[in-house]
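Structure record follows, encoded as C-alpha cells.
Naming: A, B, ... by sequence-line order, numbering from 1 per chain.
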Amino acid sequence: MARKGSLTRELEIVYRLRYQRFLRVATAILGDESSGHDAVQDGFAQALREQQSYRGLGPLDAWVWRLVVNAALAARRHRVVRGETPEEAEILGSNGQSGDESGVRAWIAALPERQRLAVYLRYYADLDYRSIAQALDVEIGTVSATLSSAHQALRRSIEEVER
Amino acid sequence: MTETIDQLLQVRFDAVANHVDDHDWDEVLTRSRSGASLVSTRSTARRPRRWRISTRVALVATAVALAAVVTAVAFGLPRTFINFLSSPPAPAHVKNWFAAENVEAPPGMNPKAIPGRARKIASATFDVNHLHGNHPTVHTLYVAPSKGGGFCYLWTNADAGCLPTKAPSKTRAMRAMGPLGISWFSNHYGAGYPLFVDGWVRSGATKTVQAHFADGTTATIPVTWVSAPVNAGFLIYPVSSAHRTRASALTSVAALDANGNVIGRQHFPLTKPLDQNVTQTLPDGTKVSLERRAQAARARKIISFRTTTGSQAYVWVMPRTGGGDCYIFNRGFGCLEPRFTAQMPTLGGVLSGSTNPPLLFFVQAKPDVAAVELRYQNGERERLTPIDGFALSEITPAHYKRGTRLAEAVALNREGRAIYTQHEQPDTVGVYPCQTPKSLGHGVKACP
C-alpha cells in the first residue's frame with residue numbers, strides 16, 4: 001500500500017510539472033485542446049488505476065507518456081469509427097493560428113503516424129530519443145530512423161515554402 | 001543538416017506552444033475512480049446526428065444513458081443529472097467568452113474560469129424578458145470550472161455568473177442565502193417584482209429548490225445537477241403570468257434539505273414604486289432612465305466640457321424625493337440616500353471608457369473634500385474641484401501608456417492636507433485604451 005501511495009504522489013508530481021507538455025502532444029494528436037485535455041486526464045487516470053502494472057523498469061514519465069499517447073490515439077480512433085474526424089490539417093489550421101504556425105502543423109499532419117508521433121514527442125514534449133523509444137515501445141534505433149525520415153519530409157516541405 | 005532541421009523545427013514548434021494551463025489533478029482522481037473512458041463516451045455525445053434531435057430529447061437521452069433520474073419537466077430546464085465530464089466541449093466562441101470574463105474582470109475579481117474546460121450542459125427554450133407576450137427562444141447553458149473549485153456559467157443571450165472561488169466576506173444576507181446564488185430580472189421600467197430568475201445551488205444538503213410567492217403559495221423549481229468538478233445545480237424560472245402582480249409576486253427562492261428544512265433563502269424585496277426606473281426628461285430635453293424619485297425637471301448641469309474625442313462630458317445633479325441627490329453622467333447614474341452618503345468613503349473615483357474613449361474619471365466626494373488631486377505615474381499632477389460632491393475629468397491619451405497612468409486620487413481638505421488616498425492599479429490589463437490590443441489567448445485581446 002505504501003508503494004501505491006508513493007506512486008500516486010509521483011504521478012501527481014509528473015502531472016503538475018509536465019501537464020503543458022502532455023497537453024501539447026495530446027492536442028496535436030487530436031486537433032483540439034479540449035479533447036487533448038481529456039486525453040491527458042484519461043491517461044493519468046489510467047495510470048492511477050493501473051499503477052500495479054508499472055514495474056519500474058523505465059522512467060515513470062515514459063510509462064505515462066505511453067498511456068497518454070494511447071488515450072489520445074484511442075479517442076481519435078473513436079472519432080474515425082464514427083466518421084467525425086475532419087482532416088487534421090484542417091482542424092489545426094483553423095484555430096486562429098498564423099499561416100506559418102498552421103503550416104508547420106499541416107506538414108506534420110501529413111507525416112505517417114509513427115513519424116508524426118515521434119515528432120510530437122521530440123518537439124512538443126522535448127523528450128530525448130530514449131524516452132521517445134519507451135513511450136512508443138520501440139527501439140532507440142527505430143526512433144532515430146523514424147525522426148530522420150520525418151526530418152527529410154519536413155525539410156522538403158519547409159524548403160518548398162521558403163523557396 | 002539533420003541538426004539544422006532539428007533546430008529549425010524546435011524554433012517553429014515553440015511558436016505553436018500551448019499557453020493555456022488548465023491542469024486539474026482533482027479531476028484526474030475523479031476520473032480514475034469512475035473508471036470510465038471519458039473520451040469515448042464524450043465522442044458519442046458529440047455525434048452530429050445526436051444534435052439534430054430536439055434538445056429536450058437529447059437531454060433525456062443523455063440522462064438515460066447515464067442511468068440518472070429523470071423526472072417530469074415543468075418548463076425551462078428539466079430536473080435531471082448531467083455528468084460534466086461526459087458533456088460535449090463548448091465551442092471556441094464560448095471558450096473565448098469565458099476567457100474574456102477573466103480578462104475583463106475588475107481588479108481582484110478575476111473568476112479564474114478555465115476556458116478550455118467549458119462544456120455544454122443543456123439547452124432550454126424560454127423568454128428571458130417575458131414582457132410583451134411570450135417570445136421564447138432557445139438558450140444554451142455552458143459551464144466552465146474555475147481554478148480553486150468554483151465555476152462560471154453562461155446562458156446564451158440571457159445571463160451569466162460565477163461561484164467565487166474565494167468565499168467573500170459574509171454579510172447577514174449572504175449567510176441567509178446558504179447554497180443559493182440567484183439573479184433576478186425585472187423589466188426595463190422596474191415592475192417591482194421578478195419576472196425571471198436564474199442561478200445555481202451548490203450540491204450537498206439541498207434536495208429541493210422552491211419558489212415562494214406573496215400570496216402564500218409555493219412551487220418547486222426544477223434543478224439540473226451537474227457533477228464534479230462543478231458540483232452544483234442550475235435553475236431557470238420564468239415567473240408565470242399568475243404571479244406578475246405585487247399581490248402574488250415571487251418573493252423568495254429557498255433551498256430545502258431532505259427533511260424539508262430551509263437551509264438557504266434568497267429574498268426579492270418588492271421595489272417601491274418611487275424606486276422604480278422610469279423615462280424622465282432633463283431640462284435640456286434629453287430623455288434618460290432614472291428612478292422615479294430623481295426629480296429630473298430640477299436637474300442642474302454642474303460639469304460640462306469637450307473631450308479630446310470631440311464628445312461632450314457632463315454631470316447632472318438633481319434632488320431625490322425623500323432626501324439625498326441623484327446624478328447622471330456620460331457613463332452612469334445613481335441616487336444617494338442620506339444614510340448611504342454617510343457610509344461612503346471620503347472619496348470614490350471610477351475609470352470608465354477603456355473600449356470606448358474618452359477615458360473618464362468620475363469622482364464622488366464628501367463635503368469636507370475641497371479638492372481632488374490626480375497623481376500620475378510620471379509625476380504629473382492635476383487638481384479637480386468637486387462641485388456639489390462630484391468631479392469629472394478626462395484621462396487624456398497622454399496618460400494611456402504604462403509609466404504615465406493615473407496612480408492615485410488624493411482628497412485634500414480646505415487646508416490642502418491629504419485626508420484620503422484612493423490607490424489605482426495602473427498596470428491592470430484592459431483599463432486603458434491602446435492602438436493594438438494584445439492577444440491573451442482564446443481569441444481574447446486586451447490593451448496592456
Side-chain heavy-atom pair B:W25, A:Y19 within 4.5 angstrom cut-off: no

When you look at CZ of A:R114, are more than 12 heavy atoms from neighbouring residues, nucleotides or ligands closer to it than 6.0 Å? no

Are B:R117 and A:D38 within salt-bridge range, i.e. N to O under 4.0 Å? no

Would one find more than 12 heavy atoms of other residues, nucleotides or ligands at under 6.0 Å from atom CD of A:E139? no

Nearest 0.5 angstrom please: B:L29 CG to A:Y15 OH, how far? 9.5 Å

What part of A:L147 lies closer than 4.5 angstrom to a heavy atom of chain B: side chain, backbone, both or neither? neither

